[in-house]
Amino acid sequence: MRANAERLDQLRQLAILDSSPEKIYDDLTTLLVRSLDVPIGMVNLLDAERDWFKACVGLPMSQSPADASFCEVFFNTAADIVIVEDTSKDPRFATHPFVAGAPFVRFYAAARLTVGQQTVGTLCVYDTKPHQLSEGQMLDLQILAEAAIHVLESRKLPSALETGALRSIVLMDSDPDSSRALSELICLVKPDFTIDVRRDWPSAMTAVLSTRPWAVIADLKMAGLDSLAAIASIRAVLGDAAPIMVAVAVDISKLDVLELGYDFVFGKPVEIASLMSAIGC
């Protein structure tokens with residue numbers, strides 16, 4: 001429930017309510033509305049008697065009363081993502097004053113933001129016309145929500161994040177054999193580094209935003225376009241604190257390193273000395 005004392009305590013520990021705007025949240029929200037092709041989006045914190053917007057695109061306001069909150073739905077469902085394609089046809093929202101009257105909201109989608117197993121807010125979007133999300137857009141919502149959660153958690157654990165950043169590399173590779181080989185090569189050159197191997201981009205995103213590694217190395221089996229949204233999200237959320245981004249591929253002639261958002265690209269087999277030099281190790 002919204003008034004739950006433990007939930008409100010977790011929210012207070014973040015020391016975020018009524019704080020000044022921060023670029024990391026603004027960039028994340030901008031990326032959200034662009035990715036989902038909607039006019040309104042926000043990082044919404046669920047206070048006891050209000051929704052407070054840490055970042056907001058498309059509305060000239062910073063908060064709204066709890067009794068007008070679409071995101072109240074998260075206190076009555078176990079789902080972590082709620083998507084309502086047409087609010088006028090959903091019994092949970094059809095009689096809402098902002099659906100039945102101005103601004104006549106027709107589309108609502110949101111992802112739960114949890115800290116310490118408590119719902120502290122949502123990453124949410126709205127439109128004044130019915131809307132459908134593609135599978136890719138739904139994945140974007142999930143990835144960006146995970147990013148927002150880790151940014152929120154970092155407010156409580158800055159020292160842990162800073163410690164992990166200096167001696168870790170996230171390796172994104174769906175092939176166990178090639179990831180093992182590259183991990184062993186890196187460890188031979190840098191035995192004090194830890195290698196966190198991830199098999200897909202949502203998992204890699206979670207690792208990057210929670211540990212803030214020194215570098216991300218992505219072994220791209222094809223053209224690598226599936227990594228574009230993830231790399232863009234990492235840069236949007238972390239800004240200047242983003243790790244060094246490296247792509248590895250069999251045929252680098254098919255890769256545009258700048259288009260994909262990487263700092264460096266290497267062909268396979270990888271020259272490990274050159275790779276480590278590129279990332280400043």
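Each residue takes its place number in the sequence, starting with 1.
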Would you please name every residue forming a ring-ring contact (aromatic ring centres under 6.0 Å, His included) with [X], sequence neighbours left out?
| X | value |
| --- | --- |
| Y25 | none |
| F74 | none |
| H131 | F107 |

Please enumerate all residues that pass side chain to side chain contact (heavy atoms under 4.5 Å, CB included) together with I24, with sequence neighbours excluded.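 Expected list: E22, V151, V237.
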
Tell me every residue that passes side chain to side chain contact (heavy atoms under 4.5 Å, CB included) with P39, counting only those two or more places apart in sequence or in another chain.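 For P39 the side chain to side chain contact (heavy atoms under 4.5 Å, CB included) partners, ignoring immediate neighbours, are D127.
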
Any donor-acceptor pair under 3.5 Å from [X] side chain to [Y] backbone:
| X | Y | value |
| --- | --- | --- |
| K129 | V105 | no |
| R92 | V84 | no |
| S183 | S179 | yes |
| D263 | V246 | no |
| R7 | Q118 | no |
| R112 | A79 | yes |
| R106 | V99 | yes |
| Q137 | S134 | yes |

For the student: nearest non-hydrogen atoms of [X] and [Y], plus distance:
| X | Y | result |
| --- | --- | --- |
| P243 | V208 | CG-CG1, 4.0 Å |
| M205 | I234 | SD-CG1, 3.2 Å |
| A278 | F264 | O-CE1, 3.2 Å |

Can you tell me which residue among T29, L123, D51 is in a side chain to side chain contact (heavy atoms under 4.5 Å, CB included) with N44?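 The single option meeting the side chain to side chain contact (heavy atoms under 4.5 Å, CB included) with N44 is D51.
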
So, applying side chain to side chain contact (heavy atoms under 4.5 Å, CB included) with L182, which one of D173, I217, V197 is it?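 For L182, the side chain to side chain contact (heavy atoms under 4.5 Å, CB included) check succeeds only for I217.
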
Ionic contact status for D47 with R12, cut-off 4.0 Å: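 D47 and R12: salt-bridged.
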
I'd like to know if D18 and R50 make a salt bridge, using a cut-off of under 4.0 Å between side-chain N and carboxylate O.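 A salt bridge links D18 with R50.
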
With hydrophobic residues grouped by side-chain heavy-atom distances under 4.5 Å, do [X] and [Y] end up in a single group?
| X | Y | result |
| --- | --- | --- |
| F53 | V115 | no |
| L113 | M1 | no |
| L32 | M42 | no |

Fit a plane to each ring of F70 and F98, take the angle between them on a 0 to 90° scale, and name the class: parallel (under 30°), tilted (30 to 60°) or perpendicular (over 60°).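 Taking F98 first and then F70, their aromatic rings lie parallel (interplane angle under 30°).
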
Residues two or more places apart in sequence or in another chain: which of them pass side-chain hydrogen bond (donor to acceptor under 3.5 Å, both in side chains) with K23?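 side-chain hydrogen bond (donor to acceptor under 3.5 Å, both in side chains) list for K23, sorted by chain: D27.
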
If you measure from OG on S20 to NZ on K54, what distance do you get to the nearest 0.5 Å?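 Result: 6.5 Å between the selected atoms.
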
What distance separates I149 CD1 from T114 OG1, expressed to the nearest 0.5 Å?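 I149 atom CD1 to T114 atom OG1 measures 4.0 Å (nearest 0.5 Å).
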
